[in-house]
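Okay, so here's the structure we're looking at.
A note on names: the letters A, B, ... follow the listed sequences, proteins ahead of strands, and every chain is numbered from 1. Atom set for the values below is all heavy atoms of this structure, side chains included, hydrogens, waters and symmetry mates excluded.
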Amino acid sequence: MRYFFTLMLLLVPILGVWTFVEADRWQLWFPQNVSSFGGEIDGLFNLILYMVGFTFIVTELALAWFVFKFSANRPGKAVFTHGSHKLEMIWTAIPAVALLFIAFSQMETWAKVKFESNFPKGGKYTKERPIAELWASQFDWRVCYPGDDGAIGTADDLERSYEFVVPVNTDIVFHLRSRDVIHSFFVPEFRLKQDALPGHTIPVWFRAEKEGIYDLVCAELCGWGHYKMSGRMTVVSQAEFDKRMADIKAEWFSNGKEQGQ
Amino acid sequence: MSLRLPLCAVFGLALWVSACQLDKDQKPARGVVHYSLSSATTALGDDGEPVISASAQAGIAGSLEMLFGTPQAPSYQLLPEWKDEGFNPNWPQFAKGDNGSGEVDPAALRADNQIYWRRQLAAIDAGLWERVFVQDFAPDLVTQWKQLCAETPVEARNDEFKKAAREAFENHYPDLAASSELYRQQCLHCHGPEGGGNGPTAPFLNPRPRDYRHGTFKFTAVGKAQPRRADLYRILDEGVTGTSMPSFRRFSQAQLHGLVDYVRLLSMRGMVERSLVATYTEEETLTAGDTIDAYAEVWEKWQKADSKVLNFDGAVPAPTAESIAHGRTLFMDAKTGNCFSCHGPEGRGDGTSAFVLNPETHKVVPAYKDDWGNEILPRNLRLGVFRGGRRPIDIYRRIKYGIAGGPMPEAASSLSSDDIWHLVHYVGSLSERTQHKAAAAHADHAAGAHSDGASGEKH
């Protein structure tokens with residue numbers, strides 16, 4: 001029986017590690033990374049994964065070993081012990097150091113992605129002149145591009161639902177807003193997640209380095225229709241972006257006759 | 001102790017067997033379901049008896065099923081004269097257009113299918129058959145794909161097979177039954193199985209979901225007539241801002257056009273039902289001829305939708321300061337625009353005519369109800385949220401032709417289209433966030449004009 005349970009417990013770290021090794025092949029691992037800071041985020045994830053993975057394997061092996069060694073049919077009487085100051089100090093200090101290490105190692109990336117003072121400067125889009133305003137509402141995404149005046153909140157704004165088109169290899173800054181409740185902007189391929197709070201205008205930046213169509217989802221349970229709240233993040237070349245903007249503008253100021261709408 | 005291991009083994013085996021059973025892709029068989037009659041048809045009179053006799057109700061239900069089929073097998077009854085025209089609304093209209101309204105562009109649908117099914121097409125090209133995953137949003141395509149796979153074993157899948165598979169995805173256009181299934185997955189929980197706006201989530205929504213059965217749709221380009229396919233498509237594509245109707249562009253254009261087809265069927269079914277009930281209430285009897293007449297009449301209304309489109313010829317004018325100022329004058333003038341009486345002098349949707357005092361509760365309540373019996377408030381024009389769309393042409397249509405089913409009237413005939421554009425520009429300027437302060441100051445300045453206008457209305 002002790003062999004059976006020891007083997008069962010050994011299966012946990014073996015299968016656990018195997019799952020991670022095979023995950024990529026079964027497409028259970030990360031979606032591709034297309035943003036400039038995505039690599040750093042993945043690096044942080046992997047750092048923690050390795051730390052936790054190491055601890056997991058060590059503790060699981062120890063558990064299996066203890067089950068094997070101290071099984072019920074071991075001769076002799078069990079000994080009662082109570083407390084070891086030294087041991088407690090060690091298992092408090094090691095996690096504390098580990099947590100501090102994690103906390104300090106992520107600071108730079110966090111600041112780069114989230115601090116407004118670190119937003120890309122000198123580009124076409126800045127905190128003050130964002131590419132668009134992205135409105136989250138129950139239960140869809142609407143993008144409001146500035147019109148010719150370049151300012152949002154004026155009568156010539158262009159509005160489209162669902163699809164957020166941005167140019168590739170450009171520092172994009174947009175304003176995230178919510179009409180009703182808390183939503184969360186999440187594009188897995190960008191490794192970017194940001195809550196949208198009603199009453200707040202939250203600037204967000206990213207730089208997409210590969211053209212393509214990516215899913216934009218709401219990552220905050222926002223009501224009964226949360227599962228419906230999807231959008232599309234389309235990254236295109238600058239020329240294609242200009243063409244798309246011209247199309248949106250033409251549609252916006254059309255007399256409704258050409259497009260039949 | 002000795003029993004534990006065999007028990008575990010037996011239990012594990014049982015779990016494994018049941019999991020294998022589930023995996024067999026067996027869906028529970030569903031019984032045949034029928035559309036229900038509307039609550040207006042089955043209503044009870046004061047005496048507790050149904051207003052329309054039980055036998056007449058059964059007759060109406062039977063006629064409707066003959067004309068429109070069931071939720072699982074929706075299909076239109078074909079009228080004899082359609083044979084000559086070659087018109088068959090039951091036929092999936094990919095690459096064919098629709099005699100009723102021909103805006104479906106096969107090339108655009110094909111291009112969109114290529115984007116929508118891009119993952120599947122890439123998997124087919126790469127020969128990764130197990131990665132071709134079709135969600136049951138497209139039940140007809142699931143069937144088609146499974147059939148294709150069953151016909152050709154994996155070893156025999158050559159370029160010929162790839163071409164056929166590609167074409168199945170690229171040419172996908174759902175038939176009415178497939179669209180009905182998509183409707184039941186995505187729309188039913190608000191709009192109800194018959195499109196009565198009475199699905200399970202409907203009571204939680206404000207505004208309430210549209211009841212299609214009147215055949216009235218608010219945000220169209222045809223005034224108060226039945227909408228074109230393009231009008232319904234636009235609603236699915238863009239959603240209705242400020243309501244719970246989201247954009248459904250995550251589905252392919254073909255699927256959305258299919259949904260439009262199905263919504264049209266539900267709407268026609270509701271209209272025929274209402275027409276039959278009206279005939280019965282009047283004549284106390286119903287004949288087969290009445291049914292076909294009502295059906296043909298309703299079809300005519302929908303087929304004529306395209307000819308009813310109200311377009312503005314010419315370019316949309318750009319707003320100027322003079323135009324906005326003139327728009328404001330019209331907005332505040334009781335004889336021409338008279339917008340302020342409902343929308344309020346500042347466009348905040350708080351005009352005096354839109355509210356009445358309830359003498360019993362002493363509370364101010366909305367004065368108007370829409371065709372569906374819901375209380376309705378004038379739009380607050382300051383929020384920049386326009387349900388029918390914020391494009392200039394959308395606002396132009398709302399002002400000029402009014403909103404079907406609600407109290408928003410058509411513009412007075414004395415207003416020229418230039419005047420309407422002045423109003424559009426003024427309304428657009430109201431929702432400019434950067435100019436709120438300036439506009440508020442302007443409104444204070446014009447407060448005197450408001451009281452003049454209100455007294456003018458009373459005379």
Which atoms form the tightest heavy-atom contact between [X] and [Y], and what is the distance?
X      : Y      : value
B/G428 : A/A155 : O-CB, 4.1 Å
A/S254 : B/V316 : O-CG2, 3.4 Å
B/P392 : A/W252 : CD-O, 3.4 Å
B/R131 : A/R25  : NH2-O, 3.9 Å

Chain A contact via [X] - side chain, backbone, both or neither, heavy atoms under 4.5 Å:
X      : value
B/F204 : neither
B/H425 : neither
B/T220 : neither
B/T201 : side chain
B/I324 : neither

Less than 4.5 Å to any heavy atom of chain B: does that hold for the side chain of [X], its backbone, both, or neither?
X      : value
A/W141 : neither
A/I213 : both
A/D180 : neither
A/S230 : side chain

CD of A/E251 to CD1 of B/I393, rounded to nearest 0.5 Å, is 11.0 Å
Separation between OG1 (B/T241) and CH2 (A/W135), nearest 0.5 Å, reads 11.5 Å
Q | Flag side-chain contact, heavy atom, 4.5 Å: A/M229 against B/P246 | A | no
Just by modelled atom types, is the [Y] backbone N or O under 3.5 Å from a matching donor or acceptor in the [X] side chain?
X      : Y      : result
A/R232 : B/R250 : no
B/R390 : A/D157 : yes
A/N255 : B/D313 : no

*In terms of ring plane angle, is the pair A/W224 and B/H189 parallel, tilted or perpendicular, where the classes change at 30° and 60°?*
perpendicular
Of the listed B/G314, B/G242, B/P319, the one with the largest count of heavy-atom pairs under 4.5 Å with chain A is B/G314
Next item on the list: Could you give me the CA-CA distance, side-chain angles and deciding distance for A/R179 and B/V385, then say whether side-chain contact (heavy atoms from CB on, under 4.5 Å) is met?
Entry: CA-CA 10 Å; A/R179 252 190 229 299; B/V385 176; 3.5 Å; yes
Checked A/Q138, A/E159, A/K228 vs chain B; the most non-hydrogen pairs under 4.5 Å come from A/K228
*asked:* Do the side chains of B/E238 and A/R142 get close enough for a salt bridge, i.e. N-O under 4.0 angstrom?
replied: yes
